[in-house]
Amino acid sequence: IDLGVMIDRQLIVDAVKREKADLVGVSGLITPSLGEMEQLCRLMQEEGLRVPLIVGGATTSAVHTAVKLAPLYDYCVVDGGDASRTVGVVKRLLNDREAYILEIKERQEQLREAHRARNTRLVALEEARRRATRHDPSSFAAPGFGEHDLLGTRVDIGHFVGRIDWTPFFHFWGFKGKYPGIVHVNEEAARVHESAVEHLGEIIAGQEFDAAVAARFFDAYAENDDIVLEGKHRLPMLRQQEEGSQFLSLADFVAPCGEGTSTVGLFCLKVADKYPRGDGRDFEQLLRESLLARLAEAFAEWMQTSVDGGYHVIRPAFGYPTCPDHSLKRDVFELLDATRNVGVTLTDNYSMFPATSICGMLITHPAARYFSTGKIGDDQLQDYSRRRAGIVKM
C-alpha cells in the first residue's frame with residue numbers, strides 16, 4: 001500500500017492500524033527526512049505498535065539507524081539498505097521474525113558501542129578560527145554579476161539536457177558502474193537508458209517539465225563566520241573543528257569585513273512535472289522521477305556556468321555537508337520570494353516541494369571548494385545558535 005510522499009506521521013500510523021500492516025517502510029532523500037523518521041519512531045512507540053519499521057533512502061545508514069532511530073522504537077527498526085538487500089530483510093521478517101529481530105538488535109548494539117568508542121578530537125572554536133587559512137585580500141574579487149539576476153526565469157530544458165550526469169541515473173535504478181561504460185556491458189542498463197532518452201525526447205517535445213530559477217547577487221563580506229549580504233542579511237556558516245582538518249568555513253571564501261567586498265549569489269530552482277501521474281510506481285512514473293532528479297542537477301550546473309563570468313564559482317546547497325543547516329533555506333526563500341517567483345514551497349521542516357528543487361549559494365574565490373563540516377563542538381553549537389538567533393536543530 002503506497003501512501004505517497006511527504007506523508008504526515010500520524011497518517012502513517014493510522015494506515016498501519018487500519019490495514020493491519022505486517023511491515024512499514026519509509027524512505028528519505030534529504031536530511032530533514034531523518035528528523036521525520038525520528039518523530040515517526042516516537043509516535044509508533046507511544047501508540048504501542050508491534051510492527052517492524054524498515055528505513056531506507058540516501059540519507060540513512062546502518063549506523064544512523066542503530067544510534068538515532070532504534071532507541072526510539074523498541075520493537076524493531078532496521079536499515080533496509082539498497083533495493084536488493086531490502087528483499088532479503090522483508091523475507092526474513094515475514095518468515096523468521098522474532099529470531100531475526102533479536103539478531104538485528106544485537107548487531108545494532110555493536111554499532112552503538114563502536115560509535116561511542118570513536119573519539120574524534122575537536123579543537124576549540126576560537127582555536128579553529130585562528131588556525132584557518134587567511135587568504136590574500138587581493139584574491140577576493142567582486143565581479144559584477146548583478147546583470148545576471150534571474151527572478152522567476154523559465155528555461156527550456158533543451159538548454160541543459162546535454163549536461164545530464166547519467167551515472168547517478170543508473171544508481172537510482174540499482175545498476176553499479178559508470179556511464180557510458182555501463183551501457184556497453186549491461187544489456188538491461190542499456191535498455192533502461194534507451195527508454196529514458198526516448199522518453200526525454202517526448203518530454204521536451206511536449207514541454208511536459210517546467211524548469212524555473214530565481215538567482216540574485218549581493219555585495220558581501222564575512223564577519224565572525226557570518227556571510228553578510230548588503231550589510232544587513234546575515235547567513236551564519238559553520239567551521240570544521242576536527243583535529244586534522246583544515247578548519248574550513250564557507251565564510252573563508254568571502255572578503256573579511258574591512259578588507260574588500262565579494263559577490264555572493266543566492267538561488268532556488270526546480271524542475272517539475274507539469275503532468276504528474278500520481279503516486280503510481282509503474283515504470284514510466286519511475287522513469288520520469290529519475291529524469292527529474294538528473295535534470296535538476298543539470299539545470300543547477302547550467303545556471304552556475306551561465307553566471308560565472310570566467311571566475312571560479314561553487315554552488316553549495318543548504319543541507320549538504322558543506323553547509324548542513326537546512327533552516328537557511330527560509331532566508332533565501334524570503335530574499336528571492338521563491339514561492340512566488342519559482343513555485344517552490346518550503347515545509348515547516350525545510351523540505352522543498354517539488355522534491356526536485358535545489359536551494360543554495362554561489363560563491364566565487366580561487367580557493368573555494370566543497371568540504372564536509374564534520375562533527376562540531378558544543379562551543380560552536382552555542383555560538384551558532386546565538387548567531388542564528390535561536391536554538392538550531394541539526
Side-chain angles (χ1 to χ4, degrees), residues 2-7 27-30 57-58 82-84 150-215 267-306 315 317 338-345 351-359:
D2 183 1
L3 298 180
V5 298
M6 300 178 71
I7 301 300
S27 178
L29 283 174
I30 59 175
D82 60 27
S84 60
L150 306 167
L151 296 178
T153 302
R154 258 60 188 179
V155 179
D156 187 329
I157 66 173
H159 289 310
F160 54 83
V161 68
R163 295 180 179 273
I164 290 178
D165 179 0
W166 287 102
T167 296
F169 170 85
F170 289 109
H171 293 169
F172 174 93
W173 286 95
F175 298 114
K176 296 180 180 180
K178 294 184 177 181
Y179 179 80
I182 189 172
V183 299
H184 301 303
V185 298
N186 188 314
E187 291 184 5
E188 187 177 355
R191 284 194 295 270
V192 173
H193 181 249
E194 183 179 351
S195 298
V197 172
E198 180 180 348
H199 196 62
L200 190 54
E202 296 171 358
I203 289 168
I204 295 173
Q207 298 183 338
E208 298 178 17
F209 285 178
D210 178 30
V213 59
F267 73 90
C268 180
L269 62 82
K270 72 169 183 183
V271 180
D273 194 339
K274 294 180 184 178
Y275 311 106
R277 271 58 169 176
D279 295 324
R281 311 309 295 173
D282 59 11
F283 177 76
E284 183 177 332
Q285 179 63 20
L286 288 170
L287 197 62
R288 292 174 79 89
E289 290 178 7
S290 55
L291 287 172
L292 281 168
R294 291 299 89 225
L295 284 167
E297 289 294 335
F299 190 13
E301 183 181 336
W302 174 86
M303 175 207 62
Q304 177 181 343
T305 56
S306 296
R315 50 176 173 86
T339 298
R340 182 174 68 86
N341 285 324
V342 189
V344 180
T345 56
S351 295
M352 292 183 289
F353 186 83
T356 45
S357 304
I358 302 174
C359 176

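Closest approach of P354 to G343, counting heavy atoms only: CD-O, 4.1 Å. For A212 against F299, the heavy-atom pair with the smallest separation is O-CE2, 3.4 Å. The two residues Q207 and K274 come nearest to each other via the heavy atoms O-NZ, 3.0 Å. The two residues G57 and S27 make their nearest non-hydrogen contact at CA-OG, 3.5 Å. Across I358 and A300, no two heavy atoms sit closer than the pair CD1-CB, 4.0 Å.
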**Item:** Steps toward side-chain contact (heavy atoms from CB on, under 4.5 Å) verdict (V344, F353)
**Value:** CA-CA 6 Å; V344 180; F353 186 83; over 6 Å; no
**Request:** Might you work through the side-chain contact (heavy atoms from CB on, under 4.5 Å) test for L200 and L295, ending with a clear yes or no?
**Result:** CA-CA 10 Å; L200 190 54; L295 284 167; 4.0 Å; yes
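Side-chain contact between D210 and K270: present, with at least one pair of heavy atoms (C-beta onward) separated by less than 4.5 Å. In this structure, the side chains of V213 and V342 stay at 4.5 Å or more apart for every pair of heavy atoms. S195 has its side chain within reach of L287: a pair of non-hydrogen atoms, C-beta onward, lies under 4.5 Å apart.
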Less than 3.5 Å apart, which donor and acceptor atoms pair up between the side chains of residues 155-179 and the rest of the protein, not counting sequence neighbours?
from : atom 1 : to   : atom 2 : distance (Å)
D156 : OD1    : G158 : N      : 2.8
R163 : NH1    : E301 : OE2    : 3.3
R163 : NH2    : T305 : OG1    : 3.2
D165 : OD1    : T167 : N      : 3.2
T167 : OG1    : Y179 : N      : 3.0
H171 : NE2    : G177 : O      : 3.3
W173 : NE1    : S290 : OG     : 3.3

Could you pull out every donor-acceptor pair under 3.5 Å between side chains of residues 184-194 and any protein atom, sequence neighbours left out?
from : atom 1 : to   : atom 2 : distance (Å)
N186 : OD1    : E188 : N      : 3.0
N186 : OD1    : A189 : N      : 2.9

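Salt bridge D273/R288: present, at least one basic N to carboxylate O contact under 4.0 Å.
Side chain of T356 to main chain of V271: a donor-acceptor pair is present (N/O by atom type, distance under 3.5 Å, no hydrogens or angles).
From E284, atom CD reaches atom CD of E289 across 11.5 Å, with rounding to the nearest 0.5 Å. Between atom CD of residue E198 and atom CD1 of residue I203 there is a gap of 11.0 Å, rounded to the nearest 0.5 Å.
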